[in-house]
Every structure is written in structure tokens, then in C-alpha cells.
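Written out below as C-alpha cells is the structure these notes cover.
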Amino acid sequence: MSVLYLIVINFITVKVELILVKEQNGVQFTSTTLVAPTLTQTNPSGEEERETWGKKIDFLLSVIGFAVDLANVWRFPYLCYKNGGGAFLVPYLFFMVIAGMPLFYMELAVGQYNREGAAGVWKICPIFKGVGFTVILISLYVGFYYNVIISWALFYLFSSFTGELPWVHCNNTWNSPNCSDWADNNSVSDIYKATPAQEYFERAVLHIQDSNGIDDLGRPRWQLTSCLAVVIVLLYFSLWKGVKTSGKVVWITATMPYVVLTVLLLRGVTLPGAIDGIKAYLSVDFLRLCDAKVWIEAATQICFSLGVGFGVLIAFSSYNKFSNNCYRDAIITSSINSLTSFFSGFVVFSFLGMQGYKLKELNGAGLVFVIYPEAIATLPGSSVWAVIFFIMLLTLGIDSAMGGMESVITGLIDEFKFLHRHRELFTLFIVVATFLISLFCVTNGGMYVFTLLDHFAAGTSILFGVLIEAIGIAWFYGVDRFSDDIEEMIGHRPGKYWRLCWKFVSPCFLLFMVVVSFATFNPPNYGSYMFPPWANMVGWCLAMSSMTMVPLYAIYKLCTLPGKFCDRLAYAITPETEHHLVDTGEVRQFTLHHWLVV
């Protein structure tokens with residue numbers, strides 16, 4: 001008769017299963033199994049430990065991949081050419097040092113110390129949590145149209161697998177009588193002419209000729225819709241498991257642009273006229289520094305190229321180990337960002353100089369999808385170079401889009417804890433919602449929707465968000481307390497320079513930028529098309545919907561806290577970990593020393 005004995009010894013750290021089987025013939029068989037427990041790591045407070053990056057390089061590549069996008073590769077060289085060549089580097093580097101790097105460092109540090117998304121970090125000063133929702137909304141709005149740029153690049157990539165690129169000649173079905181292979185739009189006599197590349201983008205890709213304006217959108221075009229769907233699928237499977245998956249994807253998406261830029265530069269400098277193009281890029285005109293517009297454009301470029309104010313840097317750094325050297329990371333990644341912008345200018349102008357190309361007054365999509373394809377089409381083996389170029393655009397766009405999505409996802413699941421258990425479903429919800437809204441941008445009149453979103457979603461509102469963020473951290477939470485937090489993480493306090501920038505220089509710089517943004521506002525347009533008043537109202541409603549989160553949440557917080565107004569205010573501006581001090585009347589923010597110390 002068989003006898004079965006089961007002994008299970010369960011320790012805290014390991015489970016031992018001992019199974020003894022005794023057969024009737026006296027032979028015994030024993031089996032021992034060690035089973036690792038499925039314990040959830042917790043911190044001293046009993047909460048689940050936060051997920052961290054698999055490797056330090058995953059974080060660095062993610063930050064670099066997000067910050068280095070199409071604006072760096074195209075906008076910076078264009079601004080250099082337009083604003084005095086090498087002289088433009090003077091205001092650019094100036095604003096980089098006094099505002100760009102300090103704000104970049106600030107966001108990395110506050111995210112890493114508090115280990116929360118853009119909204120959750122404001123447990124350091126609860127009344128400012130509204131700015132967290134502001135930057136989350138801005139990242140969401142940008143996703144509505146940024147993914148469309150990537151879908152255009154994918155469309156161009158598919159179109160490049162031909163013997164002859166489709167934007168070389170004017171003998172295609174989509175061309176108009178205005179198309180001219182020899183058109184030079186800088187000439188008065190050719191003002192109504194269009195190049196094949198320009199007509200390919202507007203008439204073959206966008207089909208904008210089939211729309212009369214933003215009030216005549218038409219249905220989504222299936223070609224662009226399919227490309228957009230592919231982009232959304234790529235984003236979902238890059239993000240659904242958190243930084244463990246996105247940290248691996250960026251090994252390709254963040255490094256590929258540098259490989260392609262280097263290959264293109266090696267090819268570009270061998271072309272006739274390349275030196276002339278590079279000289280045009282670097283030609284120094286110091287008289288341009290007397291023009292206030294040059295300084296404003298340099299400041300604007302710094303604000304948008306580093307990616308501060310989108311909540312992405314906060315989200316990414318929140319997955320770092322607590323003792324990670326965020327100071328070193330800030331210096332490395334922000335420097336690489338600016339160097340990439342400068343390096344890309346050599347690539348762009350080596351190709352444009354090949355044909356004595358005079359850069360037209362185009363920006364944004366026109367720079368990426370008209371000028372460069374037109375230049376690259378003149379090369380021997382142009383299809384191969386076009387494929388390489390649009391692969392670079394895809395990788396540039398994907399990791400920046402991943403950063404924006406991660407800001408939204410991390411910010412909301414940290415604020416609403418129950419979403420942690422359903423990250424995959426919540427990520428699916430976000431990307432599908434983004435896809436549905438983006439469909440408006442792939443209709444015949446989609447370019448008008450795209451232009452409206454681009455103009456209002458992240459312009460003044462992002463500058464306003466960073467301004468409130470800087471005031472909340474440097475003034476209400478306190479530079480001294482913030483410096484203590486950094487010392488706790490990396491072992492030393494920030495120098496006087498950083499503290500002065502955080503408290504005085506950066507807020508003044510941002511306030512100046514917000515005022516200039518309002519003072520120099522111009523309604524959006526696309527070519528000669530001017531948007532109707534109702535469209536501008538919709539755009540302002542979009543911009544205000546994110547900015548109003550700051551006062552609305554502040555009012556909500558003050559109304560829901562108990563006690564008299566002074567008590568409620570004290571609780572609202574005191575870190576949540578110090579609320580017990582409010583009961584004893586020890587409120588740092590009610591002392592003069594708090595406001596004067598640096």
C-alpha cells in the first residue's frame with residue numbers, strides 16, 4: 001500500500017516543499033522543491049516599491065530620445081540661418097545656461113525625490129497640484145497632432161520604395177497646372193508656382209485641395225489612417241509594460257537618428273557646394289544681436305527644445321533609484337540635446353548647399369516634408385537616401401511621442417492609485433482615445449486642424465505651466481528645502497549659481513516669455529488661409545483649458561480643507577509630510593526667513 005507524506009515548510013524568504021513517497025516494496029523516493037515566493041516589495045510605509053529602470057542607460061536614452069525631436073533637427077538650423085548664423089549661438093547659449101539647464105535639472109530632481117508623476121509630486125505644496133494637471137493635459141493635446149507627423153513620415157517611407165521618387169516631376173495625377181520642375185518661389189514671377197515636392201506633400205499626402213477650410217474637413221483618408229494606426233500600435237506595445245519595455249525600445253529609437261545623421265553628413269560633405277551651404281549656416285552677423293526678435297526666438301527655442309514643462313522629465317526621473325546622480329544626468333542630457341541641434345545643422349546645409357539652395361521662409365512641416373525631400377531627390381540613388389532619412393524621422397518622432405504618452409500615463413496612475421493594477425488597459429484607453437482625436441488631422445482638411453492644435457496646444461500654456469512650476473518649487477516649497485532634498489539624494493547641495501537661477505533668474509525669464517508670448521500673439525494661418533473667428537476661439541479654449549487647472553485646483557483645495565482660511569492656506573502650502581507642524585503653528589512659509597533665504 002502506498003503512503004504519501006507531504007511536508008511544506010514556508011519561510012518568509014523561501015518555500016520548501018518536501019514530498020516523501022513510500023512504495024509498497026520499500027523503495028522510497030524523495031523530492032525537494034525550492035519555490036521563490038511572490039512577495040511584493042514594499043517600502044517602510046507599507047506601500048509598493050516603485051518600478052525602476054532596468055539600467056541607467058535606459059533612462060538617459062529615454063530622456064535624450066524625448067528631448068531630441070524634429071524641432072532640434074530642423075528648427076535650430078533654420079533659426080541659425082535666419083538670425084545671424086553663428087551669432088545666434090550667443091543668445092542661445094546664454095538662455096541655455098541661465099534658464100534651460102536649471103529648469104531641466106529642477107524637473108529631474110523633483111521627480112526623482114518624490115517618485116511621482118507630474119501631479120503627484122505636488123505633495124510638496126498641495127495648492128500647486130493644478131499645474132501637474134496642466135502639463136498632463138498639454139502632453140495629451142500634443143499627442144493629438146504629434147502622432148500625425150510620425151504617420152506622415154511613415155507614408156513617405158513607404159512611398160520611397162520606388163525606382164523614382166514620386167516628388168521629382170510634375171507629371172503625376174495629383175499635380176496642378178501651377179507645378180513647375182524649375183520653380184523658384186523666391187522669384188516674383190514665380191510666386192504662384194509650386195515645386196513637385198511641395199505639391200506632393202499638399203496634394204498627394206494631405207489632399208488639401210479637396211477641402212475649402214477647417215469647416216470642410218471630409219472623411220479620414222484611409223492611407224494616412226492606416227499609417228496612424230501603425231504608429232499607435234507601436235506606441236502601445238512600447239508603453240504597455242511601463243519603463244521595462246520603453247527602456248528597451250529607446251535603444252533603437254534614440255540611437256538610430258545619430259547613426260543616420262552621421263551617414264547623411266558623410267555623404268553631404270562630399271557633395272559639390274556643401275561647403276557653401278555650411279558657410280551660410282555658420283556665417284556670423286553680430287549686428288543681428290541688436291534685434292530683440294533674435295533673442296526672443298533663441299529663448300523660445302530653449303524652452304521647447306529641452307522639453308521642460310511637459311511632465312515627461314518628471315515622469316522619467318520618478319523611476320530612477322533614489323540615490324541616482326540627477327545633477328550629472330541633467331548636465332549630460334541637456335548638453336547632448338544642444339549639441340545634436342548644432343550637429344544637425346551641418347547635415348541640413350551640406351545638402352542644401354549642394355544646389356545653391358536658398359532656404360525658403362518655411363517652418364515646421366514644410367521644412368521636414370518639402371525642402372529636404374526636394375534636396376535629397378537630386379542625389380544619385382535618391383530612393384535609398386530617402387528611406388534612410390525617413391527612418392530617422394520615424395525614430396525621432398516615436399521616442400518623443402513615447403515620452404509625451406508616458407507623462408500622461410504616469411501622471412494619472414500615480415494620482416489615481418487603482419489604475420496601477422490596470423496599466424495595460426489604461427494605456428490602451430489613452431492611445432485609442434488619442435488615435436480617435438487624431439483622425440481629424442488625417443482628413444482632407446486635416447492640415448487646418450493640425451495647424452490649429454500646433455498653434456494653441458503647447459504655446460503660451462507650456463510657458464505658463466513652467467513658470468508656475470518654478471514659482472511653486474523655488475518660492476513656496478523653498479530653494480533651501482529643495483536643496484536639502486537634492487543633498488539627501490546625491491550627497492551634496494546645489495551650488496549658489498543653481499539656487500539663484502531657480503529663485504530669481506529662471507522665474508523672471510519665464511515671466512518675460514509669457515508676457516512676450518501674449519504681446520506678440522498672431523492668429524494662426526496656413527499659407528494664405530486665415531482661420532475663421534470661431535476656430536480661433538476653439539484654439540484659445542484649448543489653451544485655457546490647461547492653464548485654468550492651476551487656479552481651479554487651488555480654489556478647490558482651499559474650499560475642501562478644514563478650519564479657518566489661514567489654517568486652510570497653511571495646509572495648502574505646506575508639504576503633506578509636515579501637516580502635523582501646522583497644528584502647532586510651525587509654518588515655514590509664514591516666516592520672513594523662508595522667502596529671503598537662497
Side-chain angles (χ1 to χ4, degrees), residues 98-99 101-116 118-132 134-135 308-309 314 322 326-327 330 464-512 514 550-551 553-598:
I98 69 165
M101 281 187 172
L103 293 170
F104 199 90
Y105 181 16
M106 181 186 73
E107 287 205 349
L108 290 185
V110 75
Q112 181 173 306
Y113 185 83
N114 294 284
R115 315 206 74 186
E116 298 269 1
V121 296
W122 289 103
K123 59 190 176 185
I124 63 175
C125 191
I127 199 171
F128 281 91
K129 182 177 279 191
V131 75
T134 293
V135 300
V308 294
I314 295 175
F322 185 79
C326 55
Y327 168 70
F464 172 80
V466 184
L467 171 63
I468 301 302
E469 188 178 280
I471 292 173
I473 293 174
W475 286 88
F476 283 81
Y477 183 57
V479 163
D480 57 334
R481 178 63 187 274
F482 185 51
S483 299
D484 292 339
D485 294 345
I486 294 175
E487 184 178 18
E488 186 179 346
M489 290 188 294
I490 67 176
H492 60 84
R493 287 170 64 84
K496 184 76 73 174
Y497 168 78
W498 297 103
R499 302 200 299 274
L500 286 171
C501 284
W502 288 330
K503 188 145 189 173
F504 300 109
V505 180
S506 295
C508 290
F509 165 79
L510 290 165
L511 179 61
F512 168 75
V514 170
V550 173
Y553 188 87
I555 294 170
Y556 159 78
K557 196 66 180 178
L558 289 172
C559 291
T560 54
L561 288 169
K564 298 179 181 179
F565 178 78
C566 287
D567 295 331
R568 284 181 281 171
L569 180 61
Y571 279 113
I573 63 177
T574 302
E576 292 179 359
T577 56
E578 298 179 4
H579 276 185
H580 63 283
L581 298 177
V582 177
D583 299 331
T584 60
E586 300 178 38
V587 182
R588 289 186 298 111
Q589 289 82 353
F590 287 175
T591 64
L592 185 61
H593 175 266
H594 169 81
W595 299 99
L596 296 181
V597 70
V598 176

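We're numbering straight along the sequence, starting at 1.
Panel note: side chain His593, backbone Arg588; no donor-acceptor pair is recorded below 3.5 Å. Side-chain atoms of Ser483 never come within 3.5 Å of backbone atoms of Pro494 as a donor-acceptor pair (strictly under, hydrogens ignored). Arg499 places no side-chain N or O within 3.5 Å of a backbone atom of Asp480 that could act as its donor or acceptor partner. At distances below 3.5 Å, at least one donor-acceptor pair connects side-chain atoms of Glu107 with backbone N or O atoms of Gly309. Listed for the Lys557 side chain is no donor-acceptor partner under 3.5 Å among the backbone atoms of Leu569. Remark: side-chain polar atoms of Arg493 are not paired, donor with acceptor, to backbone N or O of Glu487 under 3.5 angstrom.
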Worked verdict on Thr574 versus Gln589 for side chain to side chain contact (heavy atoms under 4.5 Å, CB included):
CA-CA 8 Å; Thr574 302; Gln589 289 82 353; 3.9 Å; yes
Please step through side chain to side chain contact (heavy atoms under 4.5 Å, CB included) for the pair Ile473 and Phe128, ending with a clear verdict.
CA-CA 9 Å; Ile473 293 174; Phe128 281 91; over 6 Å; no
Apply side chain to side chain contact (heavy atoms under 4.5 Å, CB included) to residues Ile314 and Val135 and explain how you reach the verdict.
CA-CA 11 Å; Ile314 295 175; Val135 300; 5.9 Å; no
Is there a side chain to side chain contact (heavy atoms under 4.5 Å, CB included) between Met101 and Trp498? Walk through the geometry before answering.
CA-CA 9 Å; Met101 281 187 172; Trp498 297 103; 4.2 Å; yes
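Here the shortest heavy-atom pairing between Val598 and Lys503 reads CG2-CD, 4.3 Å. Across all their heavy atoms, Ile124 and Asn114 have their closest contact at CG2-OD1, 3.2 Å. Nearest heavy-atom pair across Gly478 and His594 is CA-CE1, 3.7 Å. Scanning both residues, Val121 and Gly111, for their nearest heavy atoms gives CG1-CA, 4.3 Å. Closest approach of Ser506 and Ala99 over heavy atoms only: OG-CA, 3.8 Å. A pairwise comparison of heavy atoms in Val587 and Ala570 identifies CG2-CB, 4.0 Å as the closest pair.
For Tyr556 and Tyr553, the ring centers sit closer than 6.0 Å to each other. Remark: aromatic rings of Trp502 and Tyr497 are distant, center separation not under 6.0 Å. In this structure, the ring of Phe482 has its center no less than 6.0 angstrom from the ring center of Trp475.
The NE2 atom of His579 sits 8.0 Å away from atom OG1 of Thr577, with the distance rounded to the nearest 0.5 Å. Rounded to the nearest 0.5 angstrom, Tyr327 OH and Ile490 CD1 are separated by 8.5 Å. In this structure, CZ on Phe565 lies 9.5 Å from SG on Cys559, to the nearest 0.5 angstrom.
At least one side-chain heavy atom of Ile486 sits under 4.5 Å from a side-chain heavy atom of Tyr105. Contact of the Pro575 side chain with the Tyr477 side chain is registered, since non-hydrogen atoms from C-beta on lie closer than 4.5 Å. You'll find the side chain of Asp567 stays beyond 4.5 Å of the side chain of Val582, heavy atoms only.
Test Thr134, Leu467, Ile555 against Val550 for side-chain contact (heavy atoms from CB on, under 4.5 Å) and you get one pass: Thr134.
A perpendicular orientation is assigned to the rings of Trp595 and Phe476, their planes being inclined by more than 60° (bins at 30° and 60°).
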